[in-house]
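Sharing a structure with you now.
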Amino acid sequence: MEPRLNLHASPVAAKFAKHIVAAGRVLADSTLPLATQELVKLRASQINGCGFCTDMHTKDAAHAGESSVRLNLVAAWREATVFTDAERAALELTEQGTRIADAAGGVTDEAWENAAKHYDEEQLAALVCTIALINAFNRGNVIVQQPAGDYQPGQFA
């Protein structure tokens, strides 16, 4: 599949990508655990149907040492016993923050309070920003139909 638009050839898209990738680097340096960040990125990408990002974050997480069992169970995290309570809270916040249009009330107070039990203020800020950033990446990739399957870990480092 060829993308509809070559984002690398567009000066506007290239400049935008430079800034959005820089935002991702800020989050990678935060105190929010990297494993949690990858689980969040993977779950949002699954929900949004972004094959490119699902492929990327599965590979990045595996490259960082995440187990195949946990990666295979992200989509069924509610029924899985392999995630910590903190990760489960992050995944719930991710789902509600990604499916805003599906829920008239947006993110529930219960989901927020549960996440706040496990993460300090800076980690919550990083979690919210990670959810927002991956949703932006997903939407851009889905709109231009960025193909999945060719990503190699460290490709965008």
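Keep in mind that what you see is a predicted model, and the values were worked out from it rather than measured.
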Between R43 (side chain only) and T94 (backbone N and O only), is there a donor and an acceptor less than 3.5 Å apart?
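Absent.
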Could you see if L39 belongs to whatever hydrophobic cluster contains V69? Use Ile, Leu, Val, Met, Phe, Trp, Tyr and a side-chain cutoff under 4.5 Å.
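Yes, same cluster.
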Nearest-0.5 Å distance, CZ of residue R139 to SG of residue C53:
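It is 11.0 Å, given to the nearest 0.5 Å.
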Side chain of R88, backbone of F83: donor and acceptor closer than 3.5 Å?
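Looks like no, no N/O pair under 3.5 Å.
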Would a distance-only check, ignoring hydrogens and angles, find a side-chain to backbone donor-acceptor pair under 3.5 Å from N114 to E110?
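Not confirmed, N114 side chain does not pair with E110 backbone.
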For the CG atom of D60 and the CG atom of L42, what is their distance to the nearest 0.5 Å?
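These two atoms lie 10.5 Å from each other.
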With hydrophobic residues grouped by side-chain heavy-atom distances under 4.5 Å, do I134 and V21 end up in a single group?
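Yes.
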What closest approach, in Å, do V142 and G49 show between heavy atoms, and which atom pair accounts for it?
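Minimum heavy-atom separation between V142 and G49: CG2-O, 3.9 Å.
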T54 side-chain N/O to G51 backbone N/O, donor-acceptor pair under 3.5 Å:
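Here the side-chain-to-backbone pair does not exist.
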Would a distance-only check, ignoring hydrogens and angles, find a side-chain to backbone donor-acceptor pair under 3.5 Å from Q37 to L27?
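Yes, the answer is positive, given that a donor and an acceptor are paired below the 3.5 Å cut-off.
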Please give me the minimum heavy-atom distance between Q96 and T108, naming the atom from each residue.
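Shortest heavy-atom contact: OE1-N, 2.7 Å.
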Y119 and side-chain contact (heavy atoms from CB on, under 4.5 Å): which single residue from K117, E122, Q123 fits?
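It is Q123; the other options fail the test.
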Is there a path from V40 to L124 through hydrophobic residues (I, L, V, M, F, W, Y) whose side chains come within less than 4.5 Å of each other?
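Linked, V40 and L124 end up in one cluster.
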Interatomic distance, E38 atom CD to S45 atom OG [nearest 0.5 angstrom]:
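Taking CD in E38 and OG in S45, the distance rounds to 9.5 Å.
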So, E95 versus W77: side-chain donor-acceptor pair below 3.5 Å or not?
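Side-chain D/A pair, E95 to W77: present.
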Please round to the nearest 0.5 Å and tell me the distance separating atom CG of N135 and atom OG1 of T98.
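Spacing of CG (N135) from OG1 (T98) equals 4.0 Å.
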Hydrophobic clustering (ILVMFWY, side-chain heavy atoms < 4.5 Å, transitive) - are I47 and I131 grouped together?
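No, it is not one cluster - the side chains of I131 and I47 are not joined through contacts under 4.5 Å.
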With a 4.0 Å cut-off on N to O distance, would you call D55 and K59 a salt bridge?
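Result for this pair is yes, salt bridge flagged.
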Identify the residue among T84, T36, D85 that makes a side-chain contact (heavy atoms from CB on, under 4.5 Å) with H118.
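Only match with H118 under side-chain contact (heavy atoms from CB on, under 4.5 Å): D85.
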Is V26 reachable from F137 through a run of I, L, V, M, F, W or Y residues, each pair having side-chain heavy atoms under 4.5 Å apart?
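Different clusters.
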Closest heavy-atom pair and its distance - A28, L34:
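Nearest heavy atoms, A28 then L34: O-CD2, 3.6 Å.
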